[in-house]
Amino acid sequence: MTTPSVPPSRSDEIRRIETKWRERWERDRAAFVDTGKPAGDGTYLLVMLPYPSGDRLHVGHARTYFLTDALHRYLRQRGRTIFCPMGWDAFGLPAENYAIQRGVHPHTSTLANIAAMKEQFRAWGVLYDWTKEVTTCEPAYYRWNQWFFLKLLEKGLAVRRKSAVNWCPSCETVLANEQAEGGVCDRCGTPVIQRELEQWFLKITDYAESLLAGLDTLGKWPEKVVTMQRNWIGKSVGADLDFAIPALGESVRVFTTRPDTVYGATALILAPEHALVPRLIANHPDEAGLQTWVTSVRDQERIAREAEGAEKDGRDTGVKAINPFTGQEIPVWLANFVVADYGTGALMAVPAHDTRDFEFAKKYGIPIVKVIEGGDLPYTGEGPLVASGTFSENSSSAARELIAAEAASRRIGGPRIRYRLRDWLISRQRYWGTPIPMVKCPTDGWVPVPEKDLPIVLPPDAPFTGKGGNPLEKVAAFVNTTCPKCGGPARRETDTMDTFVDSSWYYMRYLDPSNDRAPFDPARAAEWAPVDQYIGGIEHAILHLLYARFFTRVMKDLGLVTFEEPFSALFNQGMITRQSPTGRVEKMSKSRGNAVSLDPLIAEKGADAVRAFVLFLGPPEKDAEWSDEGISGPERFLGRVRTAVERFVATGADVRGEPAAADTPAARARHMAVKKLTEDFDAFSFHTAVAHLMEFATHAAGLVGDAKADRGETAATLRALVALLHPIAPHLSEELNEKLGGTASLLVSGWPAFDPKLAVEEIASVAVQVSGKVRSEVKLQRGSSEKEARAAAEADPAVARWLVDKQVVKVIWVQDRLLNLVVK
RNA sequence: GCGAAAGUGGCGGAAUUGGUAGACGCGCAAGGCUCAGGACCUUGUAGCCCUUACCGGCUGUGGGGGUUCGAGUCCCCCCUUUCGCACCA
């Protein structure tokens, strides 16, 4: 099988080098870990922490970590002080499901996954400050989730409330609105249904305006993410108006962005979930039929109810309301398209000036009254009011203010701003999460656990049957407790927190991870925070990033931090996609069955080649389809660099030699390469960085093979090459740097400098156009004048033949680039 | 439907922001080395035309128009793809 007496294969040699340097970096780790931020300098580089409750890291994840590590190493080489920690977002449903299927406790499987992933990071050559490691499923971390919960409760920002919530029948838990986008469960894709339940909410809506205003300060965030958050918060300016229902002795408040159209409101429409519905239908001849309809709409899957083109379906209650401005009776309807938890769950229908109301009115024969002059109905634009009493002839915008003011003076509403954002539902009927520190006492009601009794530890011995709800409910020792207030027997809350609570403040815990008296020491955290550069996927655009921004505001109110925005700059790397077995191009993930492990590739080609390849795939912000076919390019490139250095060393030339002259074509090539690579890394353009390194490597190999080349310049070129290579291929570059006489790791200020004056070619090749068409190219000394260029161009036969019998009527001259002779 | 981004060789992609389109790599082709090679090295590689060859010419960045000495880049219209939002009153 094996061939004896063969010299060590290339892959053995690569393995030896990579092992050597991993050990070296680990040994010298102290040089690369946080020791406090020097005044006015330093960069907090944060990468979205991985989720070790599921599978091992695959190609889909690797790009993020390679990218971050390249940036990290580059910045260190530039002499910056960097804080780059890593931790584990360890709670979550997959680990619990795994426990149900395989009988392995989530804590056990999670720790095993963490160990495996940590080993992967090591094998990939990815450096983190492990002295700041955070694991969210450990009491040392999640006790502070509980602490934050108590603080939120004190401030009235954590509340228990009954409302219609998203329920995933598959995960058997409720979900936050953000986790049920599009009406399907964020985790498993199952359509969610609405359930009326009492749950814990965090009042993120109290910060709606601040979260919205803060977006304007996030200039270094992708515009797309900012827009998504803005839409999610969904600010609307309008007015509240009360419509009296004399038959019930009640009034119904509606919210509208178009109070100017109130004279055209010919119906009042309520959501089937509206609190007044039972009384409205009570005396209806077909009360049972209506009730059945209400129930069926309410229990419908959200995805079906909100689907595009879903039929508008409504019922007339037979009850009348009074339009507060016309004084006329209008019918009160119930309809499936009215959303219970936006606005007031009720609206005034203005069929003439709203396409949706128009459609509904057409279907059910509701009167259509035009009150704005404009185009064909439904006309949703602006215009002068008509048939609007004393407000007629006002413009829409003026009337909006006047009518809202009138409503306020009559105490039937007034100007109002509303948001689409809803409060953050954090209760989860699951085991593997942070216990909510609340106790339900038969006499005192809900009582918070005193701070001194934290943490409420998740009991290790829960029965994972997968049936019958939350296993925590069955742990008597956990559930049965005493009331902190009266000392009587009481029941502990068995719901756990949404895992997004964990990731809402972890970036601050990194700064002081072993603090057992506070989530972190504000003074210490202030050295590095806020985060200078955050790197993560677009999938967090709304969920995590909105929650983190909310938590940061809370932390500011608690005096823990002085800023509101946690992440000064955000970079969204693109996803790695791959054809799934179904043939569609999708995000790579284990659940889709298209995940590719990187480990065999690394074992075969080495981490450096795989890093170079993955970074070379394309622009990092764009998605890239995975195929390992192209890896031979970067692999050969690294081989060429190595061969060039080894050949040069073998000549016995001085590896620390310096160029004999500063300004030579080779020196200029070197300065240009340093300039390009510096710009590439500054711009996160890792794929062009690899391309430029390839060009530079070819050039360097040429110098090594050129007997006439200056040995000093060749040595300097090779030293620059391996230094520039370091962010991409750290192991090989360190090895070659050592061969070239380097005594310190390239990680420490190993970035070469360039002279801008020398980072351009001395000879400019100037394109010569005749009437805009390129006819030739002339080599000129950089900085040559237009006159010199024209003389050279006219002397060129390839140009001259186009000038015969022509007259040059205009000359365009772009220094060192282009000469255009316009002829007639 | 609304909004945003994008469309460049067989493929991934580059282009100093209005100045030589196709860098770099994959793939492919020819040659070298080799017992052999899916290893390695060298060279070529947008299309079409002319030519024995050289020299050369024309076309070309989704389609159509425009601005300009000059457009992948700017403007207008259209097509396609991707993403986000979508009964939000």
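Chain identifiers are assigned alphabetically (A, B, ...) following the order of the sequence lines, protein sequences preceding nucleic acid strands; residue numbering begins at 1 within each chain. Here the structure is a predicted model, which is why all the values come from computation and not from measurement.
At a threshold of 4.0 angstrom between heavy atoms, the contacts of A:Glu695 are confined to the sugar-phosphate backbone, with no base atom among them. At a threshold of 4.0 angstrom between heavy atoms, the contacts of A:Ser765 include nucleobase atoms, whether or not backbone atoms are also involved. Counting any heavy atom pair closer than 4.0 Å across all strands shown, A:Val338 reaches a base atom.
Protein atom CG of A:Asp341 is 14 Å distant from nucleotide atom P of B:A89, rounded to whole Å. Whole-Å rounding puts the A:His274 NE2 to B:C88 C1' distance at 15 Å. To the nearest angstrom, C1' of B:U20 lies 14 Å from CG of A:Asp796. Between A:Glu629 atom CD and B:G27 atom P there is a gap of 7 Å when expressed in whole angstrom units. To the nearest angstrom, P of B:G70 lies 15 Å from CG of A:Leu819. Rounded to whole angstrom, the span from the CD atom of A:Glu539 across to the P atom of B:G84 amounts to 11 Å. Going from atom CE of A:Met694 over to atom C1' of B:G25 covers 6 Å, rounded to whole Å. Between the C1' atom of B:A71 and the CG atom of A:Asn820 lies a distance of 13 Å, rounded to the nearest Å.
A donor-acceptor distance shorter than 3.5 angstrom exists from the side chain of A:Asn820 to the backbone of A:Gly772, with no hydrogens or angles considered.
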Under 3.5 Å, sequence neighbours excluded: what are the donor-acceptor pairs made by side chains of residues 336-351 of chain A?
from     : atom 1 : to       : atom 2 : distance (Å)
A:Asn336 : OD1    : A:Asp313 : N      : 2.9
A:Asn336 : ND2    : A:Glu311 : O      : 3.0
A:Asp341 : OD1    : A:Arg422 : NH1    : 2.7
A:Asp341 : OD2    : A:Arg422 : NH1    : 3.0
A:Tyr342 : OH     : A:Ser236 : OG     : 3.3
A:Thr344 : OG1    : A:Arg253 : O      : 2.6
A:Thr344 : OG1    : A:Ala346 : N      : 3.4
A:Thr344 : OG1    : A:Ala346 : O      : 3.3

Validation: residues 695-706 of chain A side-chain donor-acceptor distances under 3.5 Å, sequence neighbours left out:
from     : atom 1 : to       : atom 2 : distance (Å)
A:Thr698 : OG1    : A:Met694 : O      : 3.0
A:Asp706 : OD1    : A:Lys708 : N      : 2.9

Would you list the atom pairs, donor with acceptor, under 3.5 Å between side chains in residues 221-229 of chain A and any protein atom, with sequence neighbours excluded?
from     : atom 1 : to       : atom 2 : distance (Å)
A:Trp221 : NE1    : A:Phe567 : O      : 2.7
A:Thr227 : OG1    : A:Glu223 : O      : 2.9
A:Gln229 : OE1    : A:Arg549 : NH1    : 2.7
A:Gln229 : NE2    : A:Ala541 : O      : 2.8

For residues 621-634 of chain A, dump all side-chain donor-acceptor pairs below 3.5 Å to protein atoms at least two apart in sequence or in another chain.
from     : atom 1 : to       : atom 2 : distance (Å)
A:Asp623 : OD1    : A:Met575 : N      : 2.8
A:Ser627 : OG     : A:Glu629 : N      : 3.2

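At a threshold of 4.0 Å, the pair A:Lys605-A:Glu635 counts as salt-bridged, since one of the basic side-chain nitrogens sits closer than that to a carboxylate oxygen. With salt bridges taken as basic N to acidic carboxylate O contacts below 4.0 Å, one links A:Arg400 and A:Glu382. Salt-bridge formation is not detected for the pair A:Glu359/A:Lys363: no Lys NZ or Arg NE/NH1/NH2 atom is positioned less than 4.0 Å from an Asp or Glu carboxylate oxygen.
Geometrically, A:Arg420 engages A:Trp232 in a cation-pi contact, judged by NZ or CZ lying under 6.0 Å from the ring centre and within 45° of the ring axis.
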Pick out the pairs of N or O atoms, protein on one side and nucleotides 54-58 of chain B on the other, that lie under 3.5 Å.
from  : atom 1 : to       : atom 2 : distance (Å)
B:G56 : O3'    : A:Arg801 : NH1    : 3.3
B:G57 : OP1    : A:Arg775 : NH1    : 3.4
B:C58 : OP2    : A:Arg775 : NH1    : 3.2

Restricting to nitrogen or oxygen on both sides, can you table the protein-nucleotides 39-45 of chain B pairs closer than 3.5 Å?
from  : atom 1 : to       : atom 2 : distance (Å)
B:C40 : OP2    : A:Arg636 : NH1    : 3.3

Protein-nucleotides 5-15 of chain B N/O pairs under 3.5 Å:
from  : atom 1 : to       : atom 2 : distance (Å)
B:G12 : O2'    : A:Leu617 : O      : 2.7
B:G13 : OP1    : A:Lys622 : NZ     : 3.3
B:A14 : OP1    : A:His687 : NE2    : 2.7

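A:Phe616 has its ring centre no less than 6.0 Å from the ring centre of A:Phe686.
Heavy-atom nearest nucleotides on RNA chain B were determined for A:Arg422 and for A:Asn231, and the one closer to the 5' end corresponds to A:Asn231.
Base orientation of B:G9: syn (glycosidic angle within 90° of 0).
With sequence neighbours excluded, no residue satisfies side-chain hydrogen bond (donor to acceptor under 3.5 Å, both in side chains) with A:Tyr379. A:Thr205 is linked by a side-chain hydrogen bond (donor to acceptor under 3.5 Å, both in side chains) to A:Asp423, counting only residues two or more places apart in sequence or in another chain. Among residues two or more places apart in sequence or in another chain, the side-chain hydrogen bond (donor to acceptor under 3.5 Å, both in side chains) test is passed with A:Gln807 by none. Listed by chain and residue number, A:Ile812, A:Val822 satisfy the side chain to side chain contact (heavy atoms under 4.5 Å, CB included) test with A:Lys810 (two or more places apart in sequence, or in another chain).
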*Would you write out the dot-bracket form of RNA chain B, 5' to 3', with Watson-Crick and G-U pairs under 3.5 Å, [ ] for crossing pairs, | for pairs to other strands and . for unpaired bases?*
(((((((..(((......[....)))((((((.......))))))((((......))))..(((((..]....))))))))))))....
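Between A:Lys224 and B:A4 there is no side-chain N or O to OP1 or OP2 distance below 4.0 Å.
Taking 3.5 Å as the limit, the base of B:A89 and the side chain of A:Arg356 contain a donor-acceptor pair of atoms between them.
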